[in-house]
**Student:** 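Sharing a structure with you now.
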Amino acid sequence: MSNDWLATLFGAAPADPAPFERALTHGSSQSGANYERLEFLGDRVLGLVMAEWLSELFPREAEGQLSKRFNALVTGAVCAAVARELGVPAHLRLGKQARDDGASDSDNVLGDVMEALIGAYYQAAGLDAARAFIRRAWGDRARREAKVPQHPKSALQEWAAANNRKPPEYRIVERSGPGHAPRFTVAVAIGALPEAQASGSSKQEAETAAARALLQALGG
């Protein structure tokens, strides 16, 4: 990990780099403490900041609409995308096997590390600084959708109900990869209609992608 990179990331190099080193350390590393506790903290800080931000940006929207926006912005895939934009993969501390298995580009790992970095920065600099960092790192994502985003699984459920069909049924077709970088393939079907399949780094991600694929096939 480079102090110059941290200074670029947060605006100043931290007085104590140890928590940030821990935030970048995967459990496969032999370096001791890993990012898990900081991820737990950072997840809560991210949630608070994002809920506050969305309340400011969309003061007339109901709770249900804000929840949809919130859920679309704090997924592991979005956290991982932000981590890639910030150059996090180059600074991960991984064991050899995890690195060989592609953990440095895993949405699961990068999403967790992004939250851990938020947790470390919150501890070091406080809520105001963490808020400013999150808003800067997420950029225009919170404002990008003028229309409330509809989650693909909810949209597919609504399509089935509107067309007098059975509710969508999901099943895991395959689970592969090591524990730190799993890969799930999920199929979704509505009654006798042709099913759709998709893969993701978590069961939820794969289900979402499968629902999106089936909606596209149905013309939704």
Side-chain angles (χ1 to χ4, degrees), residues 1-57 69-144 178-181 201-202 205:
M1 181 188 68
S2 164
N3 276 348
D4 290 342
W5 175 69
L6 286 178
T8 300
L9 204 60
F10 298 114
D16 180 10
F20 297 91
E21 291 175 359
R22 187 160 63 251
L24 292 159
T25 300
H26 187 261
S28 63
S29 172
Q30 301 301 312
S31 304
N34 60 42
Y35 59 62
E36 291 177 357
R37 286 179 60 86
L38 286 168
E39 176 215 342
F40 170 81
L41 175 61
D43 175 69
R44 276 68 184 172
V45 175
L46 174 61
L48 171 62
V49 169
M50 198 59 67
E52 175 190 67
W53 194 11
L54 290 172
S55 294
E56 292 176 8
L57 288 173
R69 292 187 185 277
F70 178 90
N71 291 332
L73 288 167
V74 299
T75 65
V78 170
C79 290
V82 172
R84 291 187 183 96
E85 291 170 6
L86 298 177
V88 169
H91 300 276
L92 291 177
R93 305 173 77 184
L94 302 166
K96 182 181 184 304
Q97 188 61 55
R99 190 172 294 280
D100 291 346
D101 288 338
S104 62
D105 195 43
S106 162
D107 277 3
N108 284 345
V109 172
L110 289 173
D112 290 350
V113 169
M114 190 66 239
E115 291 178 339
L117 285 169
I118 291 170
Y121 191 49
Y122 167 77
Q123 284 187 330
L127 181 58
D128 287 346
R131 178 188 296 112
F133 169 69
I134 290 167
R135 291 190 179 197
R136 185 170 67 251
W138 261 249
D140 69 344
R141 283 180 171 87
R143 300 181 177 86
R144 193 175 294 166
H180 59 266
S201 57
S202 68
E205 183 180 308

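Since this is a predicted model, take the numbers as computed values, not measurements. Residues take their numbers from the sequence shown, with the count starting at 1.
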**Student:** Can you list the steps and then say if Leu86 with Met114 is a side chain to side chain contact (heavy atoms under 4.5 Å, CB included)?
**Tutor:** CA-CA 10 Å; Leu86 298 177; Met114 190 66 239; 3.8 Å; yes

**Student:** Just verifying a value: how many Å separate Asp4 CG and Thr8 OG1, rounded to the nearest 0.5 Å?
**Tutor:**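 The CG atom of Asp4 sits 6.5 Å away from the OG1 atom of Thr8.
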
**Student:** How close do Pro19 and Ala120 get, counting heavy atoms only, and between which atoms?
**Tutor:**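 Where Pro19 meets Ala120 most closely, the heavy atoms are O-CB, 3.9 Å.
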
**Student:** Please answer whether the main-chain N or O of Leu9 pairs with a side-chain N or O of Arg136 as donor and acceptor at a distance below 3.5 Å.
**Tutor:**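 Yes, Arg136 side chain to Leu9 backbone: donor-acceptor pair under 3.5 Å.
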
**Student:** Looking only at heavy atoms, which two atoms of Ala33 and Arg22 are closest? And how far apart?
**Tutor:**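 In terms of heavy atoms, the two residues are closest at CB-CD, 3.3 Å.
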
**Student:** Name all pairs fulfilling the side-chain hydrogen bond (donor to acceptor under 3.5 Å, both in side chains) condition that reach into residues 35-46, sequence neighbours left out, sorted by first residue then second.
**Tutor:**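 As it turns out, there is no side-chain hydrogen bond (donor to acceptor under 3.5 Å, both in side chains) pair with a partner in residues 35-46 once direct neighbours are skipped.
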
**Student:** Between Val74 and Cys79, what is the shortest heavy-atom contact and its length?
**Tutor:**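 Between these two residues, the closest heavy atoms are O-SG, 4.1 Å.
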
**Student:** For the residue pair Asn71 and Thr75, what are the closest heavy atoms and their distance?
**Tutor:**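 Closest approach of Asn71 to Thr75, heavy atoms only: O-CG2, 3.0 Å.
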
**Student:** Report yes if some heavy atom in the side chain of Leu110 is under 4.5 Å from a heavy atom in the side chain of Arg84; otherwise report no.
**Tutor:**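 Counting from C-beta outward, Leu110 and Arg84 do come under 4.5 Å.
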
**Student:** Is any side-chain heavy atom of Phe20 closer than 4.5 Å to one of Asn3?
**Tutor:**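 No. Closest side-chain heavy atoms not under 4.5 Å.
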
**Student:** For Ile118, which of Val45, Val82, Leu41, Val49 qualifies under side chain to side chain contact (heavy atoms under 4.5 Å, CB included)?
**Tutor:**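 Of all the options given, the one that passes is Val45.
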
**Student:** When rounded to the nearest 0.5 angstrom, what distance separates OG1 in Thr25 from NE2 in His91?
**Tutor:**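 Going from the OG1 atom of Thr25 to the NE2 atom of His91 covers 13.0 Å.
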
**Student:** Which residues pass the ring pair (Phe, Tyr, Trp, His ring centres under 6.0 Å) test with Phe70, sequence neighbours left out?
**Tutor:**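 None.
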
**Student:** Which heavy atom of Ala23 sits nearest to which heavy atom of Val113, and what is that distance?
**Tutor:**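 Here Ala23 and Val113 meet closest at O-CG1, 3.5 Å.
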
**Student:** Between Asn108 and Ser201 (side chain of the first, backbone of the second, donor and acceptor by atom type, cut-off under 3.5 Å), is there such a pair?
**Tutor:**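 Yes; at least one donor-acceptor contact below 3.5 Å.
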
**Student:** Counting only heavy atoms not in Tyr122 (residues, nucleotides, ligands), do more than 12 fall under 6.0 Å from its OH?
**Tutor:**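 No, OH of Tyr122 has 12 or fewer neighbouring heavy atoms, counting only those of other groups under 6.0 Å.
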
**Student:** Hey, mind stepping through Leu46 and Glu115 against side chain to side chain contact (heavy atoms under 4.5 Å, CB included) and telling me if it holds?
**Tutor:** CA-CA 7 Å; Leu46 174 61; Glu115 291 178 339; 4.2 Å; yes

**Student:** Could you give the distance from CZ (Arg141) to CH2 (Trp53), rounded to the nearest 0.5 Å?
**Tutor:**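 If we round to the nearest 0.5 Å, Arg141:CZ and Trp53:CH2 are 9.5 Å apart.
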
**Student:** Determine all donor-acceptor pairs shorter than 3.5 Å in which one atom belongs to a side chain in residues 127-134; sequence neighbours excluded.
**Tutor:**
| from | atom 1 | to | atom 2 | distance (Å) |
| --- | --- | --- | --- | --- |
| Asp128 | OD1 | Arg131 | NH1 | 2.8 |
| Arg131 | NE | Glu52 | OE1 | 2.5 |
| Arg131 | NH2 | Glu52 | OE2 | 3.3 |

